[in-house]
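The chains referred to below are lettered A, B, ... by the order of the sequence lines, with proteins before strands, and numbering in each begins at 1. Because the structure is a prediction, the values reported are computed rather than measured.
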Protein chains: 2
Amino acid sequence: MKPSVVTIEPNGHFCSDCGVRASAVCSSLDPAELGEFEHLGRRVHFSSGETVFSEEDITTSFYNVLEGVMRLYKLLPDGRRQIVGFALPGDFLGMNLSGRHNFSADAIGAVTVCQFAKAPFGRFVEDRPQLLRRINELAIRELSQARDHMVLLGRRSADEKVAAFLLVWRERQPAPKGPSDTVPLPMSRQDIADYLGLTIETVSRTFTKLERHGAIEIIHGGISLLDPARVEALAAA
Amino acid sequence: MKPSVVTIEPNGHFCSDCGVRASAVCSSLDPAELGEFEHLGRRVHFSSGETVFSEEDITTSFYNVLEGVMRLYKLLPDGRRQIVGFALPGDFLGMNLSGRHNFSADAIGAVTVCQFAKAPFGRFVEDRPQLLRRINELAIRELSQARDHMVLLGRRSADEKVAAFLLVWRERQPAPKGPSDTVPLPMSRQDIADYLGLTIETVSRTFTKLERHGAIEIIHGGISLLDPARVEALAAA
DNA sequence: AAACGCGATTGACCCAGATCAATTTTGGCA
DNA sequence: TGCCAAAATTGATCTGGGTCAATCGCGTTT
């Protein structure tokens, strides 16, 4: 799953009609600043399974996710993997203090990112405190999510983990028309297991059990919540 | 363990000779700014077991830890607890997006904090981007620690968790004279268990096992690393 | 349409760590 | 100094989820 071919579009795109304009870091910029900002980033496409950056790589760029889903993970020397999060459109990646990425990121399905070279981006932020504040907000949101996930990893049962995962994931989906009870799951069972601190077999068995009990239906590419209240009760427990 | 008596010192202290001056948020302020800053915070003492703030409380203050250790934790409805971190001098607490604390914090032993009312502090940060940058740095450091901890919670065995905990905790101690092999543990076994996602019995048994193997010695108020290399090997695994 | 490959599911069994239950040790405090 | 309560340790037993091993389902290739 190493990157093979990467498509770069030097320009031809405008921040003003970018899909994440309202939610990403750039939401802190006014139209005038946006014009300048536009020159800093370039759209880059990754196809399914490609690695955008790896843990321990020197950080040369920051990334703004525009389209698709990415898995963010850390590996132990013996190959055990923990997925520390999934990145969705609007998420901002690459901030660190060490000068190196502290996790790896790869594309789940096709992904488009807006890539910024570290130095010019740093200079741009320098005299734009609102942008810095926006970056800080995103970091604080991530931190809160990270703490929630620690509770899940350290103190919840397999059933609770899976149920909570479905609900959190549903919540993160852009609501097309009301809160849908269909939860698309673009990632593999292995990804879900590595996110929840379980094995693939336990994830599969838990889905099957929930389906037998009538709480969910396993559909192609996702899960349908037949009885959301039941799933919520399981997750809260 | 609810707060009973809290000692407040209206002033009589100066930022310039504060113990965390060099490492905390205030390290980003020059001497002139420090004079102003001094009026914003007040020193507050908490004694062992007192709660500084609780999850879901409306955030009215930020806190800069000056002395002592705090446990930061979240509770599930049924009482299960996950400690999401320990706060040491120099740590900054209270940032959030929701307006409410997203975890609880209480003192382990005597604690001194520098407390800032939210609004005045917010105004002060407003026109001081270096302070905002410093706050952001601390948040990013926390985030990195949180991700490391997710790996520990989701993918490491009990032995690895305990060994890694000892090493990380040793690393966080202020080195008085060279890296000491004595690790002070001011928190209870229950705290350690709730931090590592284990039970108190497993933590106790693991310590005993490490001691029998000659890797550590259990001493009053902490652990002595008799064979640090052995402990490191266990933690890396 | 047969053969392939790969992710997902299912079954049988096992074990690390939880649970339940005593002690033992420690730290105030009268 | 002795007493009490809380914390820590230790032992016996149990079990949720891991491990190992087929098998299934399904989209691709030829």
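Glu201(B) places its CD atom 15 Å from the C1' atom of dT15(D), with the value rounded to the nearest Å. In this structure, CG of Asp78(A) is placed 11 Å from P of dT19(D), rounded to the nearest angstrom. If you measure from atom CZ of Arg156(B) to atom C1' of dG18(D), you get 18 Å, rounded to the nearest angstrom. One can place CZ of Arg80(B) at 13 Å from P of dA18(C), the figure rounded to the nearest angstrom. At whole-Å resolution of the value, CD1 in Ile218(A) and C1' in dC24(D) are 14 Å apart. One interatomic measurement links the two molecules: CZ of Arg189(A) to C1' of dC24(D), which rounds to 14 Å at whole-angstrom precision. Per the geometry, CD1 belonging to Ile200(A) stands 14 Å off C1' belonging to dA21(D), to the nearest Å. Rounded to whole Å, atom P of dG16(D) lies 12 Å from atom CD of Glu160(A).
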Steps toward salt bridge (Lys or Arg N to Asp or Glu O under 4.0 Å) verdict (Glu232(A), Arg170(A))
CA-CA 12 Å; Glu232(A) 272 155 36; Arg170(A) 175 176 67 162; 3.4 Å; yes

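Helix-axis bend for the helix from dA1(C)-dT30(D) to dA30(C)-dT1(D): the local axis fitted to the five terminal pairs at one end deviates from that at the other end by 30°, rounded to 10°.
If you check every strand for non-hydrogen atoms under 4.0 Å, Ser204(A) touches a base. Nucleic acid contact class of Ser188(A) (heavy atoms, under 4.0 Å, all strands): sugar-phosphate only. The residue Gly197(A) sits close only to the backbone: its heavy atoms come under 4.0 Å of sugar-phosphate atoms, none of a base.
Projected onto DNA chain C by closest heavy-atom contact, His220(B) and Ala158(B) fall at different nucleotides, the more 5' of which corresponds to Ala158(B).
Side-chain contact of Ser61(B) with Gln115(B): a donor-acceptor pair under 3.5 Å is present, judged by distance alone.
Ring centroids of Phe103(B) and Tyr73(B) are separated by 6.0 Å or more, keeping the two rings apart. Annotation: Tyr195(A) is in aromatic contact with Phe86(A) [ring centroid separation under 6.0 Å].
The nucleotide whose nearest atom lies closest to any side-chain atom of Arg205(A) is, among dA12(D), dG17(D), dA12(C), dA12(C). Minimum atom distance to the side chain of Thr208(B) is reached by dT10(D), of the listed dT19(D), dT10(D), dA18(C). Each of dA8(C), dG18(D), dA18(C) was ranked by its minimum atom distance to the side chain of Leu198(B); first place goes to dA18(C).
The pair Arg80(B)-Asp194(B) fails the salt-bridge criterion, with no side-chain N (NZ, NE, NH1 or NH2) lying under 4.0 Å from an Asp/Glu carboxylate O. Between Asp91(A) and Arg172(A), at least one side-chain nitrogen of the basic residue sits less than 4.0 Å from a carboxylate oxygen of the acidic one, meeting the salt-bridge criterion.
A sub-4.0 Å separation between OP1 or OP2 of dA18(C) and a side-chain N or O of Thr199(B) is present.
Exactly one of His149(B), Glu142(B), Glu55(B) qualifies for a side-chain hydrogen bond (donor to acceptor under 3.5 Å, both in side chains) with Arg147(A). That residue is Glu142(B).
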